[in-house]
Amino acid sequence: PVISDETPFCPGCDVSIAEINNINKKIRKDIVSLVNTDFFKYFKFDPFKKCTFWENNDGLCFSRSCAVDVVEDWDKLPEYWQPEVLGSLDNATSDETVTHHTPEDDTSFLNELCNDDKKKQFLEKNEHDLNYYDINDFLNKDAVLVDLSKNPERFTGYGGQQAGQIWKSIYAENCFSSDETDTCLAKDAFYRIVSGLHASIGTHLSNDHLDTTTGKWGPDLDLFMARVGNFPERVSNIYFNYAIVAKSLWKIKPYLKDLDFCNDYDNDVKQKIINIVSQLDSKLFDEDLMFKDDYDASIKDDFRSRFKNVTKIMDCVHCDRCKMWGKVQTTGYATSLKILFELNEADEASKQQVVNRLSKFELISLLNTFNRLSTSIQSINNFEKLYEERVNGQ
Ligand code: FAD
């Protein structure tokens with residue numbers, strides 16, 4: 001029903017859907033275990049950051065009804081099924097999954113995780129900003145600390161006009177100044193990344209969906225087909241995103257040795273990452289096809305600043321959990337793009353520098369985004385089985 005195993009799914013990807021499914025099976029255990037380690041399960045973001053794209057962000061969504069479009073009779077449901085509750089961050093557990101940090105204990109938290117990247121995060125004077133996201137997101141004093149493993153990405157009930165407006169604004173960023181042929185690959189890639197993110201979110205919310213009649217969470221095949229499965233292009237864009245994130249991980253493999261994690265589990269965490277990157281291949285994606293010459297340099301700058309806008313549009317999302325995963329994933333893609341496109345012309349020492357300077361939050365976002373895609377692919381494989389069972393009347 002979805003796409004055939006041999007469907008070529010992107011220019012520049014020399015792998016089939018079946019090969020990606022196989023790679024995914026091999027790395028699955030390690031990536032799940034990695035994102036549950038202390039280093040990778042915490043994330044910091046500012047849920048209160050002002051939306052800079054609209055004058056009055058509340059104006060887009062005054063009533064709760066615009067957060068409701070999947071279930072019609074929300075008001076009749078118990079309080080814990082309401083979208084605000086489903087989409088909120090879980091801070092009810094005793095170990096406080098969301099914590100406000102003052103600047104002092106912020107530093108101690110960073111020490112706790114043995115992270116020395118503070119000094120690396122800041123750009124040196126006059127240095128060209130290579131980032132595809134806004135580094136201030138993580139340095140802001142209002143940022144909260146979240147345990148991602150306790151706040152899974154799943155159905156939240158967020159939808160309607162407000163969510164539609166956010167997606168529309170994100171797609172509208174894909175509007176490059178020149179429409180020459182040369183911009184086409186960049187434009188195509190930008191669209192695929194956004195659509196792949198959108199489809200991946202659609203897959204998660206269908207896979208971890210609340211059945212409001214039984215009160216049970218589980219996969220909803222009809223919802224998956226309506227959002228993703230009936231659109232082969234959307235499915236292939238998830239595979240495209242998997243290929244670019246995987247290629248970026250492959251690309252930093254030689255430079256990982258100098259990255260510092262935390263003493264006690266340093267080796268364990270590093271070993272898991274090495275196990276994962278060892279299963280990856282350079283033919284997953286050929287980034288050299290994009291931004292080949294001087295003319296392309298300005299398109300690349302445009303691409304970078306437009307993608308940065310996508311990460312900032314997340315500040316306008318009206319559902320904390322969606323916003324949090326939106327930040328994680330857009331920052332993860334931003335990090336992949338930085339690795340793919342800014343590690344190219346540099347010599348070995350400069351490449352090592354770019355990797356050394358990856359901040360903790362970039363690494364956390366990158367690996368968690370890879371896990372989101374890996375989970376999506378596993379769910380797609382599972383939905384395919386459910387679909388076949390249904391068609392065969394089992
Ligand atoms: P939408 O998904 O809002 O899409 C709008 C239109 O875009 C569709 O009508 C279609 O024409 C087009 N479209 C849809 N998918 C694609 C695609 N893959 N590629 C190209 N075009 C497409 N909801 C949750 O339950 N849990 C979450 O964690 C969650 N996170 C979100 C994070 C962000 C950043 C945003 C903006 C929304 C999030 N949502 C989440 C809401 C969810 O994405 C949908 O917006 C919502 O479920 C309503 O879906 P819809 O079918 O009305 O269309």
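As the structure lists them, so they are numbered: ligands from 1, and atoms in each ligand from 1. Counting from 1, the numbers follow the sequence of the chain as shown.
Phe341 and Tyr132 have tilted rings, their planes meeting at an angle from 30° to 60° on a 0 to 90° scale. Using cut-offs of 30° and 60° for the angle between ring planes, the Tyr171 and Trp167 rings count as tilted.
Centroid-to-centroid, the aromatic rings of Phe240 and Phe285 come within less than 6.0 Å. A ring-centre distance under 6.0 Å is found for Phe370 and Tyr242. Outside the 6.0 Å centre-distance limit, the rings of Trp217 and His209 are not counted as a close aromatic pair.
Within the 4.0 Å heavy-atom shell around ligand 1 one finds Tyr158. Put simply, part of Tyr171 is less than 4.0 Å from ligand 1, judged by heavy atoms.
Against a heavy-atom cut-off of under 4.0 Å, Met314 is close to the following atoms of ligand 1: 34 (C). Proximity to Gly159 (heavy-atom distance under 4.0 Å) selects the following atoms of ligand 1: 46 (C), 48 (C). Of all the atoms in ligand 1, the ones that sit under 4.0 Å from a non-hydrogen atom of Ala163 are 45 (O). Near Ala199, meaning under 4.0 Å from any of its heavy atoms, are these atoms of ligand 1: 18 (N). The distance from ligand 1 to the heavy atoms of Phe155 drops below 4.0 Å at these ligand atoms: 25 (O). Each of the following atoms of ligand 1 lies closer than 4.0 Å to a heavy atom of Ile166: 36 (C). Near Tyr191, with a cut-off below 4.0 Å to any heavy atom, the atoms of ligand 1 are 20 (C).
Heavy-atom proximity to atom 47 (O) of ligand 1, evaluated over Arg192, Glu233, Arg227, is greatest for Arg227. With Arg321, Glu153, Arg154, His204 as candidates, the residue nearest to atom 27 (C) of ligand 1 on a non-hydrogen basis is Arg154. When the options Arg234, His198, Lys168 are ranked by their closest heavy atom to atom 11 (O) of ligand 1, first place goes to Arg234.
Looking at residues two or more places apart in sequence or on another chain, you find a side-chain contact (heavy atoms from CB on, under 4.5 Å) between Ser169 and Trp54, Gln165, Ile313.
Residue pairs meeting the salt bridge (Lys or Arg N to Asp or Glu O under 4.0 Å) criterion with at least one member in residues 362-382, sequence neighbours excluded, are Glu153-Arg372, Lys338-Glu362.
The proximity of Thr156 to ligand 1, defined as any non-hydrogen pair under 4.0 Å, involves the side chain as well as the backbone.
Residues Glu19 and Ser16 share a closest heavy-atom pair of OE1-N, 2.9 Å. Of all non-hydrogen atoms in Tyr133 and Ala334, the two that sit nearest each other are CB-CB, 3.8 Å.
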